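In this chain, numbering begins with 1 at the start of the sequence shown. Because the structure is a prediction, the values reported are computed rather than measured.
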Amino acid sequence: MNFLDLIWLIPLFPVVGFLVNGLIGKRLPKSVVGIIGAGAVLVSFIFSAGAVLQLAQLPAEERSHTVRLYQWFDAGAAQTLGGQMARFQVDFGFLLDPLSSVMILVVTGIGFLIHVYSTGYMHEEDGFYRFFAYLNLFMFSMLTLVLGSNYLMMFIGWEGVGLCSYLLIGYYFHKKSAGDAAKKAFVVNRVGDWGLSIGIMLIFVSFGTIEFTAVGEAVREGLAAGSFSVSDPLFIGIALALFVGATGKSAQLPLYVWLPDAMEGPTPVSALIHAATMVTAGVYMVARSNFIFQMAPEAMAVVAVIGALTALFAASIGLVQNDIKRVLAYSTVSQLGYMFLALGVGAFAAGVFHLMTHAFFKALLFLGSGSVIHAMHHEQDMRKMGALKNKIPITFKTMAIGTLAIAGIPGLAGFFSKDEILWKAFSNPQGHVILWLLGVVVAGMTAFYMFRLLFMTFYGESRVDHHVEHHIHESPKSMTIPLMVLAAGSVVSGYLGIPLWLGGTNAFEHWLEPVFEPLPITQAAIVEHSHAFEAGMAALSVMVALAGIYLAYRKYYKTSYRAETEVASYGAAYPVLQNKYYVDELYDGLFVNRVKDAGVGLWKFDAKLVDGAVNGSASLTVTGANGSNWWDRWIVDGIVRFIGGFIKTASWPIRLIETGYTQNYALVMVLGVLIIIGYALWGGQ
């Protein structure tokens, strides 16, 4: 079977699962719903693995396969900035190359495990079929995003995951906090999407195409012809516009605020959004657009600085959070900062490498936290946990592996990918010792807050409510088996990128080389360092991580957790960190409440106009449910009444026939039969 020509089926299978569960899932047993939902993703994974294996058999320079199903758009001509006329032609096509192959394996592989886990975790929930329908739609959107052959296909998937995040974060729609979090995610991402859409439009008017491969070729040809130059304001503008989209989708400063609140959704949703799919979209998009960013070193510097600051900012907040999922949420924001730090210093392969390893251990940690919450009867506050080590041993052991991995302990996946980023931040021409130093500090903070989570949850004295403690039990196999598989991945996935100083060849970086081929531009000379020096730098970062673990050990393992002791240890910084630097309050004051004020002001202003027109005076302010409002009455309500009235009028002839009376329908049928018979007898004469 030629899997390469069938890559268009990879996002199609989840659509089938979405349609089946969405349309008839309510009438199916939950076991069947789960099989349909997980099975659709499993088939996508099988097709993905087959296609990647066939791609790997091709020579490195030929590892790019495009399947064009049909021409999607063919619009009028527009003049590019180069003076040429170009039609807006977009294919509905899919592209498989080394970068998209990594993404589809991560999305379908880890997505399948999350689906399996969900069959156990969500089994007692209402709307079970609806949940799996949303999950499958999410998978379709993400696979479209990473497989699309052009920026518009990517944008469709980009908006699709935004819609699905709204549906899944707000899954518990009866909870106000969940509804608010869903709306927050949706609105904040629209801000970022504005930047992405501007960037895509600039790409078309600059190069006359939005196909990934064609844009890359246009940049190289323009360089060769002398039409383009490094640091051209055009490239800087495009890169920054694209990065605005990435800051929204991948939760970077200042648009990170939606991601911690996304934990309001069910835990499998948190794992899917935070680990395998949505938040990695921004990293993928910047990596895919590397030919744009290479031409804009100033924009790359912005990416690196924002990434480093986000990593530090989010890690500091994670130090004092008490909700087990919120700690992991801020950890995700911080780790995404690491990925953008790598992209910003030109280490595109290192950023994607960390994306892949992080998907394993962060999915493991989120699903592990879900297993803890399941055992604790939906309790998420770590201050009400403790001494769970022997009560849920599989959950404990797998989460311990994930914690060691994210802390960067040698031998586990996180060590290889994190160390590669730190080394590139120090040694690459676009890097800087300050960026490296920030990364090392974040490594220590990460180790501290993650082992704080581990010790508060599984060690020390029990702080569990006595009504809950007697019912604590290990999760079912449908939940623990995915944990064990992810734990294995959190160990072995790092060995795909063993660095040279450890005797490896960094096979992962070589796999991605065709996608991240450097442009023929003059760059600063790379300072060569010995393997011994690189090993010393790695040892230093490990020592910092071990120091963070030791500090957590002293504070949360050797002594029992006491809230007052923790508060006192941070002093005046504690309320600032606990309240997340008051950024949400700042945004409420600057934006949210001001929009509300504008709405109230418009309401009062319209009410005054109507009252003045009726009474001859505009001095009376009318507010409240009974107050007149010109905008609502004539614009909003007017549009609704017009649509309803139009449909009612247009449907009048049909209503004469569709009466709902059986005898009328029988009469029409008889008349129809008589007409057909009459035509057959006399119509041909």
Side-chain angles (χ1 to χ4, degrees), residues 103 138 141-142 144-146 148 151-170 180-203 210 236-262 265 272-274 277-289 292-293 296 299-300 302-311 313-314 329-330 332-341 343-344 351 355 580 583-584 586-588 590-592 595:
M103 298 302 298
F138 201 123
S141 300
M142 189 65 192
T144 301
L145 191 157
V146 299
Y151 281 97
L152 188 57
M153 287 285 291
M154 182 190 72
F155 189 74
I156 296 301
W158 188 279
E159 293 302 303
V161 294
L163 168 64
C164 293
S165 69
Y166 170 79
L167 296 173
L168 287 167
I169 295 170
D180 290 344
K183 288 182 285 188
K184 186 176 185 179
F186 194 81
V187 171
V188 172
N189 273 279
R190 298 294 74 71
V191 177
D193 295 353
W194 166 81
L196 176 61
S197 61
I198 295 296
I200 293 173
M201 286 185 271
L202 285 174
I203 288 173
I210 55 173
I236 296 174
I238 294 174
L240 291 178
L242 295 177
F243 184 58
V244 169
T247 59
K249 195 67 73 181
S250 295
Q252 298 296 284
L253 290 171
L255 300 180
Y256 73 95
V257 291
W258 69 270
L259 189 56
D261 289 352
L272 194 65
I273 291 177
H274 288 242
T277 57
M278 180 171 170
V279 296
T280 63
V283 179
Y284 165 79
M285 183 268 292
V286 173
R288 174 61 75 191
S289 307
I292 299 290
F293 283 85
M300 289 183 67
V302 172
V303 173
V305 171
I306 292 294
L309 292 178
T310 301
F313 181 83
Y330 280 104
T332 299
V333 178
S334 182
Q335 295 301 306
L336 287 166
Y338 260 127
M339 298 174 205
F340 281 105
L341 170 60
L343 300 178
L355 181 157
K580 304 157 290 187
V583 173
D584 283 306
L586 176 64
Y587 285 1
D588 281 345
L590 291 177
F591 305 113
V592 178
V595 171

Enquirer: Can you check side-chain contact (heavy atoms from CB on, under 4.5 Å) on Ile210 and Met154, steps first, answer last?
Expert: CA-CA 10 Å; Ile210 55 173; Met154 182 190 72; over 6 Å; no

Enquirer: Tell me every residue that passes side chain to side chain contact (heavy atoms under 4.5 Å, CB included) with Ala281, counting only those two or more places apart in sequence or in another chain.
Expert: Met142, Leu145, Trp158, Lys249

Enquirer: Give the intermediate values and the outcome of side-chain contact (heavy atoms from CB on, under 4.5 Å) for residues Gln252 and Val303.
Expert: CA-CA 10 Å; Gln252 298 296 284; Val303 173; over 6 Å; no

Enquirer: Restricting to non-hydrogen atoms, name the atom on His274 and the atom on Ala262 that form the minimum distance, rounded to 0.1 Å.
Expert: NE2-CB, 4.1 Å

Enquirer: Quick check: Phe293 with Phe243 (ring centres under 6.0 Å apart)?
Expert: no

Enquirer: How about Phe340 and Val286: do any of their side-chain heavy atoms sit closer than 4.5 Å?
Expert: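 A side-chain contact exists here, since the closest heavy-atom pair is under 4.5 Å.
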
Enquirer: Looking only at heavy atoms, what is the nearest atom pair of Ser165 and Ile273, with distance?
Expert: CB-CD1, 4.2 Å

Enquirer: Is there a side-chain contact between Val257 and Lys580, using heavy atoms and a 4.5 Å cut-off?
Expert: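 They are not in contact (no side-chain heavy atoms under 4.5 Å apart), so the answer is no.
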
Enquirer: Are Met201 and Ile198 side-chain neighbours, meaning at least one heavy-atom pair lies under 4.5 Å?
Expert: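 Result yes, sub-4.5 Å side-chain heavy-atom pair found.
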
Enquirer: Let me confirm one number: the CE-OG distance from Met278 to Ser141, rounded to the nearest 0.5 Å.
Expert: 10.5 Å

Enquirer: Can you tell me how far apart CG (Leu242) and CD1 (Ile200) are? Round to the nearest 0.5 Å.
Expert: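 Going from the CG atom of Leu242 to the CD1 atom of Ile200 covers 7.5 Å.
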
Enquirer: Rounded to the nearest 0.5 Å, what's the gap from CG on Leu309 to CG on Leu341? Could you check?
Expert: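 Rounded to the nearest 0.5 Å, the CG-CG separation comes out at 10.0 Å.
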
Enquirer: What distance separates Leu152 CG from Ser197 OG, expressed to the nearest 0.5 Å?
Expert: 11.5 Å

Enquirer: Find out whether Lys184 and Ile169 are in side-chain contact, i.e. whether some heavy atom of one side chain is under 4.5 Å from a heavy atom of the other.
Expert: no

Enquirer: For Leu336 and Ser250, work out which heavy atoms get closest and say how close.
Expert: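 Scanning both residues, the minimum pair turns out to be CD1-O, 3.1 Å.
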
Enquirer: Please give me the minimum heavy-atom distance between Gly148 and Met153, naming the atom from each residue.
Expert: CA-CB, 3.7 Å

Enquirer: Which atom names give the shortest non-hydrogen contact between Met300 and Leu343, and what distance separates them?
Expert: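 The answer is CE-O, 3.4 Å.
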
Enquirer: Suppose we screen for side chain to side chain contact (heavy atoms under 4.5 Å, CB included). Which residues come up paired with Phe186, at least two apart in sequence or across chains?
Expert: Tyr166, Arg190

Enquirer: Would a 4.5 Å heavy-atom cut-off, applied to side chains only, mark Leu272 and Phe138 as touching?
Expert: yes

Enquirer: Among residues at least two apart in sequence or on other chains, which ones pass ring pair (Phe, Tyr, Trp, His ring centres under 6.0 Å) with Tyr330?
Expert: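 Once residues adjacent in sequence are excluded, Tyr330 has no partner under the ring pair (Phe, Tyr, Trp, His ring centres under 6.0 Å) criterion.
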
Enquirer: Just verifying a value: how many Å separate Tyr587 OH and Leu255 CG, rounded to the nearest 0.5 Å?
Expert: 6.5 Å

Enquirer: Is there a side-chain contact (heavy atoms from CB on, under 4.5 Å) between Met339 and Val279? Walk through the geometry before answering.
Expert: CA-CA 11 Å; Met339 298 174 205; Val279 296; over 6 Å; no

Enquirer: Calculate, to the nearest 0.5 Å, the distance between atoms CG and CG belonging to Asp584 and Asp261 respectively.
Expert: 6.0 Å

Enquirer: A side-chain contact here means heavy atoms from C-beta on lying under 4.5 Å apart; do Val191 and Thr247 qualify?
Expert: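 Not touching, per the 4.5 Å side-chain cut-off.
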
Enquirer: Under 4.5 Å between any side-chain heavy atoms of Tyr256 and Val583, yes or no?
Expert: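 Heavy-atom side-chain distance check passes, below 4.5 Å.
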
Enquirer: Is a donor on one side and an acceptor on the other found under 3.5 Å between the side chain of Thr310 and the backbone of Leu253?
Expert: yes

